[in-house]
Amino acid sequence: MKITFYGHACFGIETGGYHLLVDPFITGNGQASHIDVDGIPADFILLTHGHGDHVLDAERIARRTGALIISNFEIVSWYGEKGLTNGHGMNHGGEFGFDFGRLKYVSAVHSSVLPDGTYGGNPGGFIIKAEGKNVYIAGDTALTMDMKLIGAYDRPHVAILPIGDNFTMGIRDAAICADFIQCNTIIGAHFDTFPPIKIDHEEAVRAFAEGGNELILMEIGETREF
Ligand code: NI
Ligand code: MN
């Protein structure tokens, strides 16, 4: 499977010929100005929660591609009222089979309100189960003991974790999370986009290496095979 970083918490995941797009926030991100939002492929758009830095470009991309919007029930209903009725609502602990594989919506400790003030349900993360591998996308979250359940039963091959601190886990807690979820390969997200979440890259990589784990900080627009 191929993972492309589009900046902030936005990733494209290509698996089995399908394109999954997570938390599109391109046009509001000055660091992603070289990314063409109208050129990003999407068959499925996965939204972890309702904050603008995760959903800003979802409507634009969904209208162009006709992608299925997958999120919690409240967020999918909100898009439905905008006429984007190709949606699939989930809630915490629930798993469902899609054309690309299975997807589980898991807990995150954060908040979730949509850009117009509408209640955005409770925030979450996803575990993608495809090609015999599990990919954990934590979404915006604190470190929680619940993550140990993922380590015990889902053992992700790769995990996308927020590391920017202030609004989510910082470097130290994310490094602990890597141990909780029993995952050695971590892709960093939710860092450097705004002043309060600027991080020291070398310090971050070192913190994970001390625990025997690899932290990958992808360039915006970069694609890697996992
Ligand atoms: Ni958020
Ligand atoms: Mn966020």
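None of these values were measured; they are calculated from a predicted model.
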_F167 ring center within less than 6.0 Å of H110 ring center_ = no

_Membership question, hydrophobic clusters at under 4.5 Å side-chain separation (ILVMFWY): are I181 and V158 in the same one?_
no

_Cluster check V106, I186: I/L/V/M/F/W/Y, side chain < 4.5 angstrom_ = yes

*Without hydrogens or angle criteria, can the side chains of N184 and N213 be said to hold a donor-acceptor pair below 3.5 Å?*
yes

*asked:* For F11, run the ring-ring contact (aromatic ring centres under 6.0 Å, His included) check against F226, F5, F126 and tell me which one passes.
replied: F5

*Heavy-atom neighbours of K2 NZ exceed 12 at 6.0 Å*: no

*Heavy-atom closest contact (A67 atom, A42 atom, distance)*: CB-O, 3.6 Å

*From L84 CG over to L68 CG, what is the distance, rounded to the nearest 0.5 angstrom?*
11.0 Å

*Distance, nearest 0.5 Å, that separates CG of L143 from CZ of F180*: 5.0 Å

*asked:* Suppose we call two aromatic rings close when their centres sit under 6.0 Å apart. Are F96 and H88 close by that rule?
replied: yes

*Where is the tightest heavy-atom contact between G125 and A108, given as atom of each residue plus distance?*
N-CB, 4.3 Å

*Decide whether M218 and I40 are clustered together by the hydrophobic rule: side chain heavy atoms of Ile, Leu, Val, Met, Phe, Trp, Tyr closer than 4.5 Å, transitively.*
yes

_Looking at F73, I want to see if its CZ is surrounded by more than 12 non-hydrogen atoms of other residues, nucleotides or ligands under 6.0 Å._
no

_Heavy-atom neighbours of E225 CD exceed 12 at 6.0 Å_ = yes

_Do I199 and D165 make a side-chain contact, defined as non-hydrogen atoms from C-beta onward lying under 4.5 Å apart?_
no

*Return yes when atom CZ of R172 has more than 12 non-hydrogen atoms of other residues, nucleotides or ligands closer than 6.0 Å, and no otherwise.*
no

*asked:* Just by distance, no angles: are the side chains of D116 and T118 close enough, under 3.5 Å, to form a donor-acceptor pair?
replied: yes

*Residue pair I75, S112: steps toward the side chain to side chain contact (heavy atoms under 4.5 Å, CB included) verdict*: CA-CA 9 Å; I75 291 173; S112 176; 4.1 Å; yes

*Do you know the tightest heavy-atom contact between G211 and D179?*
O-OD1, 4.2 Å

*Okay, side chain of K198, backbone of D192: is any donor-acceptor separation there less than 3.5 Å?*
yes

*Start with the C-alpha distance between T15 and E131, add both sets of side-chain angles, then the distance that settles side-chain hydrogen bond (donor to acceptor under 3.5 Å, both in side chains), and finish with yes or no.*
CA-CA 7 Å; T15 181; E131 299 179 34; 2.5 Å; yes

*Given side chains that start at C-beta, do those of H51 and P115 come closer than 4.5 Å, heavy atoms only?*
no

*Before giving the answer on side chain to side chain contact (heavy atoms under 4.5 Å, CB included), spell out for V205 and I216 the whole-Å C-alpha distance, their side-chain angles and the decisive distance to 0.1 Å.*
CA-CA 8 Å; V205 169; I216 300 166; over 6 Å; no

*Using the ring-ring contact (aromatic ring centres under 6.0 Å, His included) rule, take H201 and F191 through it: C-alpha gap first, then chi angles, then the decisive distance, then the call.*
CA-CA 10 Å; H201 290 206; F191 64 95; 5.6 Å; yes

*From the options L56, V22, D57, I26, select the one residue that forms a side chain to side chain contact (heavy atoms under 4.5 Å, CB included) with C10.*
I26

*Expected output: side-chain Y105 to main-chain G124 donor-acceptor under 3.5 Å*: yes

*Nearest heavy-atom pair of A189 and A9: which atoms, and what distance?*
CB-CA, 4.3 Å

*Please name the pair of heavy atoms, one in Y6 and one in A32, separated by the smallest distance, quoted to 0.1 Å.*
O-CB, 3.7 Å

*Could you grab the distance from atom CG of L217 to atom CD of E222, nearest 0.5 Å is fine?*
10.0 Å

*For the residue pair F100 and F98, categorise the inter-ring angle as parallel (less than 30°), tilted (30 to 60°) or perpendicular (more than 60°).*
parallel

*Does the N72 side chain pair with the main chain of G120, one donor and one acceptor, at a distance under 3.5 Å?*
yes

*Does the side chain of D43 reach to within under 4.5 Å of the side chain of L21, using non-hydrogen atoms?*
no

*Got I150 and P156 here, is their nearest side-chain heavy-atom distance under 4.5 Å?*
yes

_Can you give me the closest heavy-atom contact between P24 and L47, atom names plus distance?_
CD-CD2, 3.7 Å

*asked:* Using 0.5 Å steps for rounding, measure from the CG atom of N86 to the CZ atom of R63.
replied: 12.0 Å

*Give, for atom OH of Y153 and atom CD1 of I127, the distance between the pair rounded to the nearest 0.5 Å.*
13.0 Å

*Between atom CD1 of I160 and atom SG of C183, what is the distance when rounded to the nearest 0.5 Å?*
10.0 Å

*Can you find a heavy atom in the side chain of Y136 that is under 4.5 Å from one in the side chain of D154?*
no

*May I ask you to test the T185-H157 pair for a side-chain heavy-atom distance under 4.5 Å?*
no

*With side chains defined as the heavy atoms from C-beta onward, is the minimum distance between I3 and R224 less than 4.5 Å?*
no

*Can you get from M147 to I163 by hopping between Ile, Leu, Val, Met, Phe, Trp and Tyr side chains that sit under 4.5 Å apart?*
yes

_Result of checking N166, D23, D53, T141 against H190 for side chain to side chain donor-acceptor pair (under 3.5 Å)_ = D53

_Check this for me: does any side-chain nitrogen of one of E210 and R206 sit under 4.0 Å from a carboxylate oxygen of the other?_
no

_Quick check on the hydrophobic clustering: are I137 and Y18 connected, directly or via other members, by side-chain heavy-atom contacts under 4.5 Å?_
yes

*Could you give me the CA-CA distance, side-chain angles and deciding distance for H49 and N122, then say whether side-chain hydrogen bond (donor to acceptor under 3.5 Å, both in side chains) is met?*
CA-CA 7 Å; H49 65 293; N122 285 313; over 6 Å; no

_Assess the residue pair I128 and I13 against the criterion (side chain to side chain contact (heavy atoms under 4.5 Å, CB included)); give the C-alpha distance rounded to whole Å, side-chain angles, the decisive distance to 0.1 Å, and a yes or no._
CA-CA 10 Å; I128 298 167; I13 298 165; 3.6 Å; yes

*Sub-4.5 Å side-chain heavy-atom contact between K148 and Q182*: no

*Kindly indicate, with the supporting measurements, whether the criterion side chain to side chain contact (heavy atoms under 4.5 Å, CB included) is fulfilled by W78 and K82.*
CA-CA 7 Å; W78 187 70; K82 289 169 170 289; 3.3 Å; yes

*Taking it one step at a time, do H8 and T193 satisfy side-chain hydrogen bond (donor to acceptor under 3.5 Å, both in side chains)?*
CA-CA 6 Å; H8 195 52; T193 320; 2.7 Å; yes

